Amino acid sequence: MAAHRRSGNVKTWRMLAACAATMLVAGAAWAHHSFAAFFDPDRMVTVTGKVTRFAFTNPHGMIVLVGRAGKEPEQEWRAETNAPVVLLRRGWTRDIIKPGETVTIEGWPARDGKPYLRLRRALRADGSPIGVPFGQGDS
Amino acid sequence: MVRMREVLMTAAAAVFLSAAPAAAWAPAPAAAATPAPSVDLSGFWAPAMGSSPDPALVARLPPNTAILSDSGFIEFPQGEYGGLKPKPGALAAARAWKPEDEMTVSRTCAAPSIVYAMQGPFPFEIYQTPELIVFKYEYFDMVRLIFMDGRPHPPADAPHSKTGHSVGRWEGNELVIDTTHLSPATITNNGLDHSAQIHLVERYKLSSDGKALMATQWFEDPEALENNGARYMQWTAKPGQYVYPYDCDPSFAVNYGKGE
């Protein structure tokens, strides 16, 4: 690659940075599979229910629970988390959520309408956050 | 220290194995290697999201280069390629791509190449010697060997991989890495793939206080792209930390299918 000056690059970068800021979905987007293709970044779903399974393996952790989203009938929901290697640095552990526990999950729903979402945050029954929410001390 | 020794021994073994079958790209005489500078890039580097690009590094990018704005957590939606101009074949493949195809047991743990992998929100470690630099990524447990001994790339028909074949040189205090022999894989994680012809050039340097590592990743792919692409990336030094094992579990993909 030959060294070459492109004075327009810095300006371009500023514009791109501004655009990127509007596209940023804090802490959620990057995945081995495309967040943007799978999930609706303009919608948010909140489900409260009882956990039936929690897996903490890469590329994504998985919370399975039976609960309701608003006034919808009770059904089984699945929420994929950020990669556990990322969550480990945010206070998560492989047993931070236990089957039988009641939790509230909030996230971006799958575009195809399945009861499947990308987790933004999870709360315990008393409202306390599970792990350190993104946006607080992000590196 | 013990961990570093383990990594370098593993790397040394890989060097031997990769060099053995192709005498044509055996290590060149030491005189061909560029002198190592006083700068030391060794350490644990955590991604620094939202960093302002280093103007000097960006200014070195060649013309006809689209600078992608998807470093870190950002991803492009389907049909958005950040200014890259795919050739007809690559564009047709990108348009035919369906995201659900990636959610299978056979695909979910298929690592991308370093073209896409290195810009994500995962840390990596650098181990540096005058003859060899090792990049150990957390993402998909990928390990790169950057040969600093002056050897050339292997013949064009040598095996390709997701990490490719990398040779490095120092230009002042900047590490320049030239990589070929990358297996086809995604560029933007939304259907646009690079070919086996992609050629990658990275340029790394430390900030003046040594606490930040800054880099540009530039690539050309005459088979897949009409123009060239680049990304800017930055990491923060986190002494004492280390990368965790990724150990990808393909059973994750089964969950999506169950959400009927």
Side-chain angles (χ1 to χ4, degrees), chain A residues 1-10 12-21 23-38 41 53 55-62 64 76-80 82-86 88-89 110-117 134 138-139, chain B residues 46-50 52-53 55 58-63 65 67-78 80 82 99-100 102-103 108-109 111-112 120-122 138-140 176 178 189-191 201 203 218 220 232 236 238 241 243-249 251-252 255-256 258-260:
Chain A
M1 179 175 63
H4 183 89
R5 291 216 164 266
R6 243 175 45 140
S7 59
N9 274 338
V10 174
T12 304
W13 261 110
R14 290 195 182 118
M15 290 172 61
L16 290 173
C19 293
M23 295 169 63
L24 180 64
V25 182
W30 210 88
H32 82 287
H33 62 90
S34 173
F35 173 91
F38 265 95
R53 192 167 75 84
F56 199 61
T57 54
N58 294 294
H60 300 281
M62 183 64 58
V64 183
E76 183 175 80
W77 281 83
R78 289 167 192 268
E80 66 171 55
N82 281 78
V85 284
V86 172
L88 281 167
R89 296 188 177 89
R111 290 184 184 276
D112 63 6
K114 288 180 179 176
Y116 189 96
L117 56 82
F134 284 95
D138 284 337
S139 58
Chain B
M49 307 299 181
S52 297
V58 173
R60 285 175 177 269
L61 294 170
T65 295
I67 305 173
L68 308 184
S69 60
D70 63 344
S71 296
F73 279 117
I74 300 159
E75 286 184 333
F76 293 136
Q78 269 186 283
E80 169 61 53
E100 55 268 30
E102 303 297 322
M103 281 290 232
T108 197
C109 283
F122 299 94
E138 189 164 270
Y139 190 51
F140 278 98
V176 181
D178 189 291
N189 205 25
N190 61 1
V201 178
R203 187 175 286 271
W218 176 89
E220 61 181 346
Y232 176 81
T236 303
K238 301 273 185 174
Q241 292 197 32
V243 300
Y244 296 144
Y246 195 79
D247 201 17
C248 188
D249 175 9
S251 71
F252 159 74
N255 287 279
Y256 187 71
K258 284 182 177 176
E260 301 288 355

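No experiment lies behind these values; they were computed from the predicted model shown. Each chain gets a letter, A, B and so on, in the order its sequence line appears, and its residues count up from 1.
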**OP:** Please determine if A:R89 and B:E138 form a salt bridge, counting it only when a charged side-chain N lies under 4.0 Å from a carboxylate O.
**Re:**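 Judged by the 4.0 Å cut-off on N to carboxylate O distance, A:R89 and B:E138 do form a salt bridge.
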Value rounded to 0.5 Å, distance of [atom1] in [X] from [atom2] in [Y]:
X      : Y      : atom1 : atom2 : value
B:D249 : A:M62  : CG    : CE    : 10.0 Å
B:D247 : A:N58  : CG    : CG    : 8.0 Å
A:F38  : B:E102 : CZ    : CD    : 7.5 Å

Subject >> A:V85 versus B:F122, closest heavy-atom pair with distance >> reply: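 Result for this residue pair: CG2-CE2, 3.5 Å.
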Subject >> salt bridge (Lys or Arg N to Asp or Glu O under 4.0 Å) involving A:R111 - partner list, sequence neighbours excluded >> reply: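 With neighbours one apart ignored, the set is empty.
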Original post:
Given the options B:C248, B:S52, B:P245, which has more heavy-atom pairs under 4.5 Å with chain A than any of the others?
Top reply: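 Top count of heavy-atom pairs under 4.5 Å with chain A: B:C248.
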